[in-house]
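Letters A, B, ... are given to chains in the order of the sequence lines, protein chains preceding strands, and every chain is numbered from 1. Reckoned from all heavy atoms, side chains included, excluding hydrogens, waters and symmetry mates.
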Amino acid sequence: MTLRLDSRLGGLLLALAVLVLLNIAITPNFLHLQTLAVNVSQVATIAIVALGMTLVIASGGIDLSVGAVMAVAGALAPIVFLSDWGQANPGLGLAASIVVPLLVAALCGVFNGTLIGLFGVQPIIATLILFISGRGIAQVMTGGNLQTFSNPSFTWLGTGRILDLPVQGWIALALTLVVALVVRRTIYGRYLLSVGGNERAAVMSGVPVARVKIATYVIASTLAGLAGLIVVAINSSSDAARIGQLMELDAIAAAVVGGAALSGGRAPIFGAFLGAILIQLMGYTLVANGVSDEMTLIVTAGIIVVAVWLQRGRRT
Amino acid sequence: MAAGFRNAHIGVWVALLLLVVFGVLRYDNFASAYNFSSFLGYNSMFVLISVGMCLVIMTGGIDLSVGTVAAMASVVAAMFSAHGLIVALPAGVAAGFVAGGVNALLIAGLRLPPFMATLATMLAARGTGLWLSGNRTVPVDWTSDFTKLGMDRIGSVLPWTIVLALAVVVVAWVIVERTSLGRTILAIGGNAEAAHLMGLQTKRAEVFVYVFSGGCAGLAGVFLASGFGAGQPLEGAGWELAAIAAVVVGGTLLTGGMGSVPATVAGALLFGLVFNLLNFENGRGTISLSAHWQSVIRGAFLLIVILLQTRLSRSAAKT
């Protein structure tokens with residue numbers, strides 16, 4: 001696999017390099033391992049969700065439900081390992097508390113994908129359903145209560161360190177490589193780009209469009225579920241009202257800053273990864289230098305506009 | 001095929017009527033003046049943003065910024081509330097117009113995709129609202145006449161806000177059904193390129209719908225501040241999606257080119273009514289559904305509507 005550095009990826013790397021240099025110059029204690037760890041730990045979940053969002057956008061769709069799916073998965077995990085069965089079988093309980101939420105998240109993806117792929121419902125509307133009711137389902141499951149717990153093996157997912165860096169950062173990196181490989185090297189990847197590029201042509205040439213779409217939403221939801229587990233692990237508690245809130249916006253922003261076009265047909269996976277990092281680092285730069293949160297929002301809006309505007313000229 | 005969509009429009013009115021009849025028969029206080037008045041007062045905000053959203057969606061666009069623009073406008077209106085309604089109301093609406101103008105500039109001027117452009121404005125309006133308010137709720141001046149708009153009732157029943165909202169609805173309806181601007185709006189949604197080639201002023205129509213939607217959101221923000229006695233920079237989360245849902249429930253397709261303003265109003269009221277009925281059901285004490293169930297049921301309701309519409313439009317396409 002040759003890693004082609006197209007000009008957009010180059011531009012992102014350049015922007016990142018400028019930001020890093022700027023921070024070295026003006027931000028106190030920027031070159032500390034702790035700074036890196038904090039940023040990695042904050043950006044990992046956004047990057048993971050942005051990978052799935054990039055696939056969905058590549059198919060010509062959008063997924064508004066990722067934050068709600070995070071809440072469902074995140075609410076479910078403690079329920080599983082805090083149950084009587086989970087406490088009696090800590091090993092199995094731990095495994096189930098990861099597998100079951102991921103399966104349920106995948107089911108949410110089946111729901112989205114079926115509405116979109118089989119019933120032809122527009123993605124923004126189809127995923128709006130789980131956006132509205134998903135968090136409610138999570139809150140019903142927990143009775144709306146904050147679940148706190150102490151389970152070191154589970155919380156390792158969010159607080160552990162490998163080579164002094166947060167586990168979830170490594171997970172995000174590994175998933176980026178895997179998803180990029182899937183897009184470039186598998187038939188699914190080729191189908192995905194053809195569905196997003198020209199759906200009618202894809203149908204005519206025998207691409208199983210509905211199945212490709214369902215698979216895409218399943219991947220996006222499963223990744224969102226994983227991100228939900230990580231958030232719960234970081235906090236050692238699960239609050240269904242808050243997990244993954246506004247994540248859909250962060251993930252869409254990261255994917256688009258990374259070069260995804262809402263019209264579909266492109267899946268810049270590394271771009272999404274770098275896009276998430278760029279937005280995170282920009283936010284960190286502003287906050288670490290005493291710029292208020294509200295200004296950070298306005299600057300993020302500006303970045304999105306610039307990124308989309310730059311991309312506009314590339315449409316052929 | 002037009003008949004199929006007309007049926008969809010009638011469907012939402014029939015559903016609204018059935019739910020009202022159900023409510024009147026089942027719950028003692030449902031038909032009370034108090035419930036009528038508070039229901040319309042609260043939902044006037046959603047009627048407004050839904051109508052703005054309806055015009056935007058007719059052009060094939062989307063406006064994700066309405067919720068945070070309303071929140072920002074509520075802050076602006078509250079800041080000017082000491083000068084009375086005559087100043088605070090235009091100030092809040094103007095804030096909405098400005099945000100809508102930014103959307104129009106990005107979409108009609110720079111040709112950015114509406115989804116991304118209004119996503120950016122959504123964040124920027126939240127930031128601006130928080131900045132203006134100093135990150136706090138802004139209390140209104142209770143000595144001026146500002147809160148009368150949101151709290152007074154005509155004949156102690158009919159909220160002023162719903163009257164104003166319905167006036168805006170009528171304006172939007174007349175524009176869509178009776179003017180060349182309205183025909184252009186629908187033509188853009190049907191086929192933007194063809195509309196442009198036909199010499200229609202597509203850019204002007206696009207600018208209009210986003211500025212109009214911003215103004216509706218601004219007025220909704222004024223209602224918010226006036227009705228609840230505070231400018232609330234953090235309100236409005238998810239309002240854009242409630243508005244989109246109302247438009248869809250009203251039978252307007254997201255691809256644009258067709259749609260109905262009155263059916264959107266019915267969609268907004270229908271969505272609010274689901275909440276209202278659930279509150280009454282809880283009040284009877286036979287079942288007790290927590291607040292969390294409300295969003296679950298709203299989502300299920302949206303699912304049913306979408307599946308029905310899919311069937312309707314498919315059978316319409318077949319004939």
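What you find for B/Leu123 and A/Ala301 is that their closest heavy atoms are CB-CB, 4.2 Å. Nearest heavy atoms, B/Leu112 versus A/Trp309: CD2-CA, 3.6 Å. B/Pro113 and A/Val308 make their closest contact through CD-CG1, 3.4 Å (heavy atoms, listed as atom of the first residue, atom of the second, distance).
With a 4.5 Å cut-off on side-chain heavy atoms, A/Leu115 and B/Leu307 count as touching. Counting heavy atoms from C-beta on, the side chains of B/Val248 and A/Gln122 never come closer than 4.5 Å. The shortest distance between side-chain heavy atoms of A/Val256 and B/Phe115 does not fall below 4.5 Å.
Only the side chain of A/Val121 comes within contact range of chain B, with at least one heavy atom under 4.5 Å from a heavy atom of that chain. Within the 4.5 angstrom heavy-atom criterion, no atom of A/Leu246 approaches chain B. Within the 4.5 angstrom heavy-atom criterion, only side-chain atoms of B/Leu106, from C-beta onward, approach chain A. With a 4.5 Å cut-off on non-hydrogen atoms, B/Leu119 touches chain A through its side chain but not through its backbone. Heavy-atom distances place both the backbone and the side chain of B/Ala245 under 4.5 Å from chain A.
Atom OG1 of B/Thr128 sits about 4.0 Å away from atom CD1 of A/Ile298, to the nearest 0.5 Å.
Among the candidates B/Leu302, B/Asn135, B/Thr121, the residue making the largest number of heavy-atom pairs closer than 4.5 Å to chain A is B/Leu302.
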Inset, instruction - Apply the test side chain to side chain contact (heavy atoms under 4.5 Å, CB included) to residues A/Ile252 and B/Met116: give CA-CA distance (whole Å), side-chain angles for both, the deciding distance (0.1 Å), then the verdict. - result: CA-CA 9 Å; A/Ile252 293 169; B/Met116 292 314 301; 3.9 Å; yes
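Using a 4.5 Å cut-off between non-hydrogen atoms, the part of residues 50-65 of chain A that approaches chain B consists of A/Ile62, A/Leu64. Within residues 128-139 of chain A, the residues approaching chain B closer than 4.5 Å by heavy atoms are, in numerical order, A/Leu128, A/Ile129, A/Phe131, A/Ile132, A/Ser133, A/Gly136, A/Ile137, A/Gln139.
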